[in-house]
Every structure is written in structure tokens, then in C-alpha cells.
Peer 1: 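Below is the structure I would like to discuss, written out as C-alpha cells.
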Amino acid sequence: MSRVPTAWLALVAAVTLGAAALVVPTRAAIADPLDSCTPTQGAIVAVDFGAWSGPLLRGCDATPTTGLDLLHEAGFTTTGTVHDGPGFICRIGSPAFDAGAERPAPADEACQLTPPATAYWSYWIAPAGQDQWTYSPLGAMSQRPGPGEVEAWVFGGTDIGGTTGAPSFTPASVRASGSTPAPTPTPSPTTTAGPTDPARPTEGQVEAVGSYLVEQLTDGDHVDYGWVDYSRTIAVATALAATGGQDGTRTKIVDYLRTHVDAAIFPNGESAAPHTANVANLALLATSTGGDPRAFGGRDLITTLTDRVCTATDADAGCAAAGDFAGAPGPMAQASALLALKRAGVTPPAATVTRLTAQQCATGAFGDRWLAPGEFCDPDLAATTLAVLALHRLGGQDAALGSAKAFLTGAQDTDGGYQPYTGAGFTDTYFTGYAAQALAALGVADRAATATGFLVGRIVTGGGLSRDPSNPDAELDATVAAAPALAGRNLATLGDSPPPAGPRPDLVKGVSYLVAPTNLIDGRYYESFPGFPEFGLSIDGAYALAATGGDDTKLRAIVEFLRGGGAVGDSGFTVDMWLGVGTDSAVGGAIGKMALLAQVTGYDPRSFGGHDLIAALKDVTCPKLDVQSGCAGAGNYRYATSVFGQSLGIIAQLRAGQGEAAGKPIDFLKGLQRADGSFPSLIPAADADKDVDSTAMAAMALAPLTDDPAAVTAVDRALAWIASTQKEHGGFPGAAGDSTNSTALAVQGLSLRGDTYARQVDRALTFLAGQQNDDGGFTVAAGGQAGSDVRASTQVVGGATGISFAALTRDVHDLPGPDPSGTPTPSATPTPTSTASQSSAPSAAPTVTGPSAGTGGHSSGNLPRTGWSIVTITLLALVLVVAGVLLRISARRRAVAGAGDGS
């Protein structure tokens with residue numbers, strides 16, 4: 001019997017054929033004559049084939065729309081990658097070089113995945129009037145060439161910030177009026193080692209940063225360089241608010257600033273323009289520390305800002321243009337003022353917002369001073385970060401934030417840091433500290449983690465941070481800038497108090513629904529088809545009852561039913577057939593799920609239902625890739641075809657003290673994580689497979705590994721990605737829409753870092769409460785099929801308690817219970833604990849049963865993820881059609897091809 005379902009092979013073939021169709025080169029267009037482009041009209045593109053000892057070729061597009069269109073209309077052909085589509089230029093060709101053969105050749109680059117940073121076509125732009133190349137932060141499909149612009153494509157290596165590998169020719173030499181220079185051959189690309197997981201700051205390191213800052217104070221309350229530096233004094237107090245643990249000193253600084261507020265905000269007297277940055281930053285400090293920015297040392301800082309909004313250019317009044325906050329020297333102070341107003345509950349005047357957004361450079365960055373139209377913009381990371389934080393808090397600025405995000409991700413150096421200015425050649429702590437905050441606010445979790453890891457590497461003796469590699473000593477400015485990011489905070493939310501808790505699911509009613517005789521058959525099991533128990537769903541119900549403590553009698557009955565074999569009538573389908581322990585069709589996910597049930601309820605997983613389930617998990621751990629044996633790679637559990645199944649097995653092994661045996665399964669699971677922090681549903685996974693449910697489950701499996709920095713980082717990245725997917729109503733996306741299943745699992749995962757994600761958890765629980773029906777059960781998805789669903793309800797009831805599967809415990813094995821032989825017990829009235837007794841860090845239970853092999857639980861039509869398993873329905877349909885001996889064959893096939901989580 002084949003262990004690879006035909007449908008799966010068909011899917012692989014379809015994907016392969018579809019992917020192959022994507023790698024199709026474009027046909028060369030008839031290029032516009034070069035004289036059709038002028039310094040003020042049209043755009044020029046230059047392509048350097050020097051890596052193959054070829055020429056530098058250029059072409060013109062008199063009416064370009066995108067960078068990709070410019071290439072094609074200039075006479076070049078391109079090929080994208082299968083992974084990223086035609087917009088990621090993988091090959092370029094020209095009829096004027098080597099008969100149009102595109103480079104690199106297929107033998108050198110398959111163009112299936114994104115090429116390495118050491119060997120790819122890098123993209124450079126130079127707008128009209130600019131005579132230096134800028135690494136494009138946008139792709140060719142997003143870049144809009146301006147009149148007189150020149151663009152260049154160079155093959156070789158450069159980092160994602162474009163700090164190396166720039167064209168060897170100048171923009172002026174290839175503009176419409178320039179001649180074509182001879183290119184410099186590009187060196188052969190070299191291979192570099194892959195990135196490692198970034199370092200994560202420890203509590204001790206964050207505390208040391210705070211201690212260093214305190215030591216820089218004069219008299220313990222201000223920064224003094226022979227004069228009082230109010231700007232740095234405010235910055236130190238704000239940084240201490242972020243790091244915590246220095247409340248006494250922080251309070252002392254704030255009191256000092258209250259006493260000297262006029263000197264801080266009106267250094268030239270009240271008749272002159274205020275020091276806008278100090279006004280704004282004092283207001284932010286007051287808000288972040290629980291104070292009132294409207295009554296700070298006798299000053300209303302908010303009114304000081306709003307009363308001095310410029311209506312016209314007036315140099316004497318500190319107004320560079322209408323919309324300025326008087327005295328603001330550039331975008332950084334303007335953004336700080338906007339953020340201060342918004343955090344104080346004031347909607348800034350529209351002109352002040354427009355003034356800031358109009359200063360955004362073509363690259364998406366912001367400069368360090370006010371720029372005139374067309375003036376060259378050298379990006380400033382501190383100004384860009386404050387602009388991002390302000391616009392993000394204001395809302396409704398998606399276009400500006402999207403451009404800033406593209407710049408920030410493109411400008412980050414390979415070590416995670418940022419350069420202080422274009423072409424600096426080294427990375428800078430001060431600017432990286434700011435950029436890390438912006439990346440986190442924009443939801444770019446992996447980039448933020450890399451930037452934070454860079455900052456950890458700059459911590460020196462004494463707790464401060466050095467500014468750059470040339471100076472090993474700590475610097476105040478660098479340490480102040482890095483402190484919020486190291487503490488996992490940012491200036492836009494620092495000190496925010498959590499909102500009042502919203503409605504919560506009624507778990508008492510939820511348990512009553514789960515144990516109702518119409519749902520819990522004979523008080524012992526759930527079924528997905530009349531007369532046939534659904535073992536995975538029954539375990540889900542047991543997990544829910546264990547988490548709530550709602551009905552220990554029913555919980556014991558379910559466990560004893562499963563421990564006793566799970567036979568119902570004369571069907572012949574048993575738990576042993578479902579698990580397949582000791583056979584070639586053993587299902588790792590199912591074994592892990594059953595072992596975890598034993599551990600949760602106080603039984604011995606080494607002697608449960610006649611099996612040593614912990615030994616069985618070790619036996620089904622794959623030594624290598626072997627598709628025919630159900631192994632997707634070394635460390636994968638056999639036939640665990642989902643992240644759910646893999647995670648369940650790991651949790652069971654870790655709870656049994658088998659950390660060494662779980663080592664390879666853990667490594668396999670880590671290897672499934674995407675660059676953005678997400679995990680797929682299926683094993684093996686499709687490129688687009690990113691799943692909230694599975695990501696939460698993987699986080700729960702890795703969370704106990706607190707001594708493994710890579711695992712800690714993986715959990716942090718996973719949770720950050722989950723949080724970024726939350727919908728406005730509080731729910732999370734799943735295969736069935738905005739589903740209770742996905743939301744429940746998201747909450748359960750986010751509760752692993754309850755302090756960080758308290759707001760997201762609260763909103764999600766409010767969403768779940770809104771999906772509960774009068775009978776106590778829960779719908780599958782918002783706006784979906786009406787009525788309660790048993791599977792969804794097991795997951796919501798269990799998960800809403802906030803207990804991870806790695807910690808779930810409810811020992812019922814000593815309670816009086818039914819005979820494991822299967823004799824039914826009379827139904828008892830459920831006695832669940834009240835909602836008020838639930839964990840203070842609530843979370844939601846996953847579809848522990850997980851997705852089915854071949855579908856990943858992503859059902860179609862009216863079959864939601866939390867509904868019946870496709871494999872189960874198929875099996876049971878066969879049961880109705882076929883009798884006798886065919887039942888055992890279909891059951892065995894279900895064990896082989898069933899869900900890796902054992903559903």
C-alpha cells in the first residue's frame with residue numbers, strides 16, 4: 001500500500017507545473033531611441049553585464065510607469081523567481097549581448113528561490129539632479145521612475161542596505177546627455193555562512209543599562225556638562241521609564257525637570273520660539289510615567305504646542321513653513337510633537353501632519369532637517385523612527401508607513417545594525433536603537449529582533465553601549481537610544497495602561513455544553529459520525545475539562561474509555577488501530593497526543609492502554625528523510641504531517657524528561673519557522689503556508705526550553721507574528737474565516753508572554769465571548785454557519801483558561817471511575833469552576849487535533865477547520881459502504897494518512 005496519498009502527489013505535480021510556468025522570460029520590447037529621453041523627460045536604465053565580461057548597456061523609456069516597465073521598454077528581457085514572482089529580477093538579457101541570452105544562466109541560478117545576497121541583480125536609482133546612486137528600497141514593480149531619473153542594475157553582491165556593490169559608473173555618465181562608460185568587471189560572488197539567531201537581551205543586561213544611566217547623572221537628577229543639558233536629562237528619564245527598576249531616580253529627575261521646566265522649554269525666553277523637542281519630549285515623559293502633560297511644573301505642555309502652530313513662513317517666529325510647530329528644526333521634533341499630542345488624547349491640526357508627511361523622501365525615509373522640494377535627502381534613522389511611531393499612532397497613514405517600512409528593511413546592514421549616514425561603512429548604535437523601535441511598531445518582528453541582537457553586542461563593561469566599533473567605551477546618547485528597544489518597548493506606547501477587560505467566555509456554560517449527553521456520547525467520547533468515536537476530538541474534550549476543572553468525573557470517564565481501547569459496538573475500530581504503535585503505520589502525532597493526555601490527567605504514559613507511549617515516540621523519530629516511511633526529515637515523527645503533530649510529540653517527550661530524545665524533533669520543528677516568525681500548517685509546507693494555529697502550537701512546544709537562546713528567540717518571533725495578524729474585532733484568521741479555533745490558539749500562544757500581549761489577549765477573549773451561543777457552545781467562525789460546534793467548543797473552552805499544553809495538569813487517575821473495559825457510566829451533572837476562577841493570563845486552546853494530512857485542516861466549502869476531519873469523513877463513508885474485513889483496511893489507511901496530530 002502506498003503511504004503517499006494520490007491526491008498529495010497530484011497536488012505536488014500541480015504546484016510543480018504551476019511553478020515552472022512562472023519562470024518565463026519576457027520578450028524584448030522595441031526600445032525607445034535614446035534621444036527620446038532628456039534630463040527632464042523620460043528615464044534611462046543601465047545594465048552592467050561586466051560579471052560575464054560583457055558591456056554596459058543602457059536604454060530609454062520616454063513614458064516609464066515602473067522600474068520593471070522601464071527595463072522592458074528599454075529593450076531588456078527579464079525573468080523572475082518562482083518564489084517571488086516576476087517582480088524579483090533574477091535574470092536580465094539584451095539582444096545586444098550574447099544573442100539575448102539572459103544572465104545568470106540557468107545552470108548557475110535556477111531562479112526557484114530568492115538568490116543569495118552575494119550573487120543577484122541589485123537595483124540602484126538616481127533621481128534628476130542627484131549624482132550618487134541610492135540602493136532602491138522598493139522592487140522594480142513598485143519603483144516609479146521620475147522625469148530625468150536614471151536607474152542601474154549590477155550583478156554581484158551587496159548587503160540589504162546597499163552599502164557595498166554600487167555601480168562602478170556614476171549616474172551622470174549614463175544620463176540622457178552622458179556617454180556610455182566602460183564598466184568595471186564584477187568580482188565573482190563568494191558564498192557566506194547563513195545568519196544565526198540574534199542575541200536576546202537578558203533581564204540583567206537591561207538592569208545594567210539602567211544602572212549605567214544613573215551613574216551619568218549629576219546629583220542624581222540631571223545631566224551636566226558645565227551647563228544643564230535638559231534634552232539629555234529628559235532622555236535619561238525616559239530611558240529609565242523603559243528599563244524599569246530605577247523608580248526612585250526617575251522620580252527625582254522628573255521632579256528636577258518640573259522645577260526647571262521653563263528653562264528647559266524656553267531657553268531664549270518665553271517671547272521666542274520654544275525648544276519644541278524638549279516640550280514634546282517632556283510631554284511624552286509625563287504621559288509615560290503616569291503624569292499629566294497639561295500640568296507639568298505649572299506648564300500646560302500640550303497647549304504650548306497647539307498654540308504655536310505656524311500658519312506661514314516666519315523665520316523670527318521659528319516657522320520654516322506653514323504647519324510647523326514653532327521652533328521645530330525638522331521632522332524629528334515635528335514627529336515628537338505629533339506623538340505627544342496624540343498620546344495626550346489631542347488630535348493634531350491637519351496641517352502639522354501634512355507638513356510631516358510632505359517631508360518623506362522618495363526612499364521612504366525622513367531627513368534630519370527641513371528640506372526644500374527636490375533637495376537631496378540623506379536619511380536620518382532617528383527622524384524616520386519618530387515619524388513612524390507618530391504616524392502609526394495617528395492611524396490612517398498606511399502609504400507613508402509602507403514606504404518607511406520598505407526603507408527600514410532595505411537599509412538594515414547584515415549585522416542587524418544601521419549606518420549613521422549614507423556610505424559610512426560602519427554600523428551605529430544610536431541610530432540602530434531608534435530603528436529597532438520602528439521595526440517593532442511596524443510588525444517586522446524578525447528585523448526588530450536582529451536589530452536588538454545587534455544592540456546586545458554593543459553592551460560594554462558597566463552596562464552602557466558603545467557608539468561604534470572604533471570606540472569601545474560606553475556613550476550616553478547611544479545607551480539612551482538603545483534602552484527602549486532592549487527593554488522591548490517604544491516611545492509610542494511606553495507607560496500605556498491596559499484597557500478595562502472586556503466580556504469573557506462563560507466557561508461554566510461551555511463545560512455544560514461539552515458534557516451534554518447529546519455531545520458526549522455515553523458520557524465517554526465524542527463522535528464524528530453516529531456509532532464511531534472520534535479519538536482525537538475526545539482528547540480535545542478531555543483537555544478542555546482538565547483546563548477548567550469543570551467536570552472531573554466526565555474527564556476520568558473519557559480517559560478510561562481511551563485507556564481501555566475505545567471500542568464501541570462491534571465496529572472493530574480501536575485506539576490501537578488509530579495509534580498504530582509497533583506497526584509500520586504508527587502515527588507520531590497521535591501517539592504524542594495520547595501520551596500528553598496521560599500526563600495531563602496523572603496517568604503514566606509509559607504504561608497507558610498497554611503501551612509505553614514515550615518509548616513509542618522515540619521509536620517513530622525519523623533518522624532521515626524517507627517519504628515512503630512517512631519521514632519528512634531527520635527528527636520528524638513518522639506520519640506527523642503537521643506542525644500540530646510534531647509539537648504534541650515534543651511536549652510529551654519534554655514532560656517525560658526526555659530532552660535528549662526530543663533534541664532532533666526540536667531541531668526539525670525550529671527549521672520549519674519562516675523568516676517572519678510564522679510556522680506552516682503542513683509538513684512539508686507550501687511556500688504560502690503560514691498558519692496562526694500551528695505557530696501558536698509550535699511556540700507552546702518550544703517555550704519550555706528557556707535555557708536554549710534559539711528556542712527563546714523562536715518563541716518571541718512566533719508570538720510577534722501572531723500578534724501582527726489580529727483583526728480589528730479581536731479575532732484571528734483561520735481557514736474558516738475569522739475563526740474561534742484560530743483565535744483560541746492565538747490567545748493560548750500569546751499568553752506565554754502575557755505581560756507583552758495583554759491587550760491582544762483581552763481583545764481576543766472579547767471576540768470569543770461574542771461567538772458563544774445560548775447553549776454554551778461556540779460557533780466555528782464570525783459570520784459563518786450559525787450554531788455551536790463541538791470541536792470548536794472544546795478548543796475555546798480549554799484555551800480560554802490561558803494554560804499551555806506544556807503546563808496543563810489535572811490529576812484524576814485516583815478518582816472513582818468507570819471500568820476501562822468500556823461499560824458506560826451514568827451521566828453526572830457537570831460541576832465546572834466559575835469563570836472568575838480562571839487564570840489571570842487567559843489563553844485559548846488549539847485545535848489540538850490539528851489539520852489533516854494533505855489539507856492542513858484548510859477545508860473548503862462549508863467544512864471549517866474546526867469541523868470534521870476530511871480523512872475521518874472519508875473513512876466513515878467507507879465504513880458505511882464496505883463491511884467486515886474492509887473496515888480494518890480502511891482504518892489502517894486512516895492511521896497512515898491521517899492527521900499528524902492524531903485527529
Side-chain angles (χ1 to χ4, degrees), residues 24-50 54-80 85-103 121-155 162 166-183 360-364 373-377 399 403 406:
V24 178
T26 59
R27 180 175 299 176
I30 299 176
D32 291 338
L34 276 174
D35 58 7
S36 297
C37 292
T38 73
T40 59
Q41 179 180 336
I44 292 286
V45 62
V47 178
D48 188 352
F49 290 98
L56 174 66
L57 300 174
R58 60 180 184 151
C60 161
D61 184 2
T63 56
T65 55
T66 67
L68 186 63
D69 176 61
L70 171 58
L71 264 174
H72 295 162
E73 293 302 313
F76 297 94
T77 63
T78 64
T79 294
F88 189 99
I89 306 301
C90 184
R91 298 191 189 108
I92 302 179
S94 169
F97 172 57
D98 198 17
E102 292 188 344
R103 292 290 187 268
W121 284 104
S122 60
Y123 185 25
W124 306 81
I125 60 175
Q130 180 176 315
D131 198 26
Q132 61 182 18
W133 293 110
T134 299
Y135 183 84
S136 175
L138 304 176
M141 294 181 71
S142 300
Q143 175 67 28
R144 300 291 190 266
E149 183 165 302
V150 63
E151 301 188 352
W153 293 84
V154 179
F155 189 86
S168 60
F169 48 92
T170 66
S173 68
V174 290
R175 286 196 190 278
S177 59
S179 60
T180 303
Q360 189 167 27
C361 308
T363 60
E375 187 177 357
F376 172 67
C377 171
S403 295

Peer 1: Tell me, with the steps shown, if Y135 and Y123 meet side-chain contact (heavy atoms from CB on, under 4.5 Å).
Peer 2: CA-CA 6 Å; Y135 183 84; Y123 185 25; 6.0 Å; no
Peer 1: Are any of the side-chain heavy atoms of V47 and W121 separated by less than 4.5 Å?
Peer 2: yes
Peer 1: Checking the side chain of R91 only, and the main-chain atoms of E102 only, is there a donor and an acceptor separated by less than 3.5 Å?
Peer 2: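 No; judged by distance alone, with no hydrogens or angles, the pair does not exist.
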Peer 1: Among residues at least two apart in sequence or on other chains, which ones pass side chain to side chain donor-acceptor pair (under 3.5 Å) with S94?
Peer 2: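 S94 satisfies side chain to side chain donor-acceptor pair (under 3.5 Å) with no residue once adjacent residues are dropped.
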Peer 1: Evaluate the side-chain proximity of D98 to R103: yes if any heavy-atom separation is below 4.5 Å, no if none is.
Peer 2: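 Contact flag for R103/D98 side chains = yes.
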Peer 1: List the steps, then state whether side-chain contact (heavy atoms from CB on, under 4.5 Å) holds for F76 with L57.
Peer 2: CA-CA 9 Å; F76 297 94; L57 300 174; 4.0 Å; yes
Peer 1: Suppose we screen for side chain to side chain donor-acceptor pair (under 3.5 Å). Which residues come up paired with Q360, at least two apart in sequence or across chains?
Peer 2: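 Side chain to side chain donor-acceptor pair (under 3.5 Å) list for Q360, sorted by chain: empty.
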Peer 1: Of all heavy-atom pairs between L70 and P64, which one has the smallest distance, and what is that distance?
Peer 2: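 Reported closest heavy-atom pair: CB-CB, 4.4 Å.
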Peer 1: Using the test side chain to side chain contact (heavy atoms under 4.5 Å, CB included), find all partners of P33 that sit at least two apart in sequence or belong to another chain.
Peer 2: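 With sequence neighbours excluded, P33 shows a side chain to side chain contact (heavy atoms under 4.5 Å, CB included) to D35, S36, given in chain and number order.
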Peer 1: Restricting to side chain to side chain donor-acceptor pair (under 3.5 Å), what partner residues turn up for Q41, sequence neighbours left out?
Peer 2: none
Peer 1: Among D61, T65, L68, find the one that has a side chain to side chain contact (heavy atoms under 4.5 Å, CB included) with E73.
Peer 2: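 Among the candidates, only D61 passes.
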Peer 1: So F49 and F97, would you call those rings parallel, tilted or perpendicular, with 30° and 60° as cut-offs?
Peer 2: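 Rings of F49 and F97: tilted, 30 to 60°.
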Peer 1: Below 4.5 Å, heavy atoms only, C-beta onward: do I44 and R175 meet side chain to side chain?
Peer 2: no
Peer 1: Can any side-chain N or O of T79 pair as donor or acceptor with the backbone N or O of C90 at less than 3.5 Å?
Peer 2: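 Side chain of T79 to backbone of C90: no pair is present.
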Peer 1: Under the side chain to side chain donor-acceptor pair (under 3.5 Å) test, which residues partner T63, sequence neighbours left out?
Peer 2: none
Peer 1: Mind checking ring pair (Phe, Tyr, Trp, His ring centres under 6.0 Å) for W133 and listing every partner two or more places apart, or none if nothing turns up?
Peer 2: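 In terms of ring pair (Phe, Tyr, Trp, His ring centres under 6.0 Å), with neighbours along the sequence ignored, W133 is linked to F169.
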Peer 1: If you take all heavy atoms of P145 and G67, which pair is closest and at what distance?
Peer 2: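 Minimum heavy-atom separation between P145 and G67: CD-N, 3.8 Å.
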Peer 1: Excluding sequence neighbours, so at least two apart, what forms side chain to side chain contact (heavy atoms under 4.5 Å, CB included) with A399?
Peer 2: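 None.
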Peer 1: Only counting residues at least two apart or in another chain, list the ones meeting ring pair (Phe, Tyr, Trp, His ring centres under 6.0 Å) with F88.
Peer 2: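 For F88 there are no ring pair (Phe, Tyr, Trp, His ring centres under 6.0 Å) partners, ignoring immediate neighbours.
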